[in-house]
Amino acid sequence: MILNKVLVVDDSALIHQMYRLVLARYRCEVVGANNGQEALDILARFDDVQLVLLDINMPVMNGVQFLEKASQLGFTPRVPVVIVSTEGKEEDTIQGLKLGACGYLTKPFTPSQLHEVIVKVLQQSATGMEPEGEMALER
């Protein structure tokens, strides 16, 4: 499976830069949003986003609010969402999963942990089932 466009939703410029560096090895286009409202605007403009990496704590519209609105607008489950949240925010992660997120990753994380969760989510999205085995992104 080839991952072409990833939407990163986070209010940290450093996090955006880190995602760009890590995902560059997969030749992904990384589109950035600083809050949930910007992310909704991007999803409305681009129908080729294949994955959303979503922070929870952001100004304007947080990750939970984004998931609620994205569901109402029909963006999920069309575009899989992975919550990327800091430790100690388990309630937010559980709520996000109930609202349609397909997976989660805890900050801080390693590039291999990011790769693993992306592979599982894309595999699950492609089959509509729980992932089995290892599936590599194009390198």
Heavy-atom side-chain proximity of Asp10 to Met18 below 4.5 angstrom: no
Side-chain touch Leu23/Leu53, heavy atoms, less than 4.5 angstrom: yes
Side-chain donor/acceptor of Glu29 to backbone N/O of Asn4, under 3.5 Å: no
Non-hydrogen side-chain atoms of Glu38 and Val60 separated by less than 4.5 Å: no
Rounded distance [0.5 Å steps], CG in Leu43 versus CZ in Phe66: 5.0 Å
Rounded distance (nearest 0.5 Å) linking atom CD of Glu68 with atom OG1 of Thr76: 11.0 Å
Separation between CD1 of Ile56 and OH of Tyr104, rounded to the nearest 0.5 Å: 13.0 Å
Sub-4.5 Å side-chain heavy-atom contact between Asn57 and Asn62: no
Gln17, CD atom: more than 12 neighbouring heavy atoms under 6.0 Å: no
Side-chain heavy-atom pair Asn34, Met58 within 4.5 angstrom cut-off: no
Qualifying residues under side-chain hydrogen bond (donor to acceptor under 3.5 Å, both in side chains), relative to Ser112, sequence neighbours excluded: Thr110
Heavy-atom neighbours of Lys69 NZ exceed 12 at 6.0 Å: no
Trace of the side chain to side chain contact (heavy atoms under 4.5 Å, CB included) decision for Asp55 with Val84: CA-CA 5 Å; Asp55 188 24; Val84 185; 5.8 Å; no
Closest contact, heavy atoms only, Gly96 versus Ile83: CA-CD1, 3.5 Å
Closest heavy-atom pair and its distance - Asp11, Pro59: OD2-CD, 3.5 Å
Which atom of Pro111 lies closest to which atom of Arg25, heavy atoms considered: CB-NH2, 2.9 Å
same_hphob_cluster(Val81, Val117) at 4.5 Å side-chain heavy-atom cutoff: no
Ionic contact status for Asp47 with Arg78, cut-off 4.0 Å: no
Single-linkage hydrophobic cluster Val119~Leu54, side-chain heavy atoms < 4.5 angstrom: no
Worked verdict on His16 versus Val30 for side chain to side chain contact (heavy atoms under 4.5 Å, CB included): CA-CA 9 Å; His16 282 267; Val30 177; 5.7 Å; no
Single-linkage hydrophobic cluster Val49~Leu99, side-chain heavy atoms < 4.5 angstrom: yes
Heavy-atom check, side chain of Glu116 versus side chain of Lys120, under 4.5 Å: yes
Under the ring pair (Phe, Tyr, Trp, His ring centres under 6.0 Å) test, residues paired with Tyr19 that sit two or more places apart: Phe109
CD on Gln123 to SG on Cys102, rounded to 0.5 Å: 13.0 Å
ILVMFWY cluster, Val22 and Leu51 together (side-chain gap under 4.5 Å): yes
4.5 Å side-chain heavy-atom contact, Val82 and Ile118: no
Gap separating the CG atom of Leu97 from the CG atom of Asp92, nearest 0.5 angstrom: 11.0 Å
Leu40 side chain reached by Gln37 side chain, heavy atoms, under 4.5 Å: yes
Single-linkage hydrophobic cluster Ile15~Ile42, side-chain heavy atoms < 4.5 angstrom: no
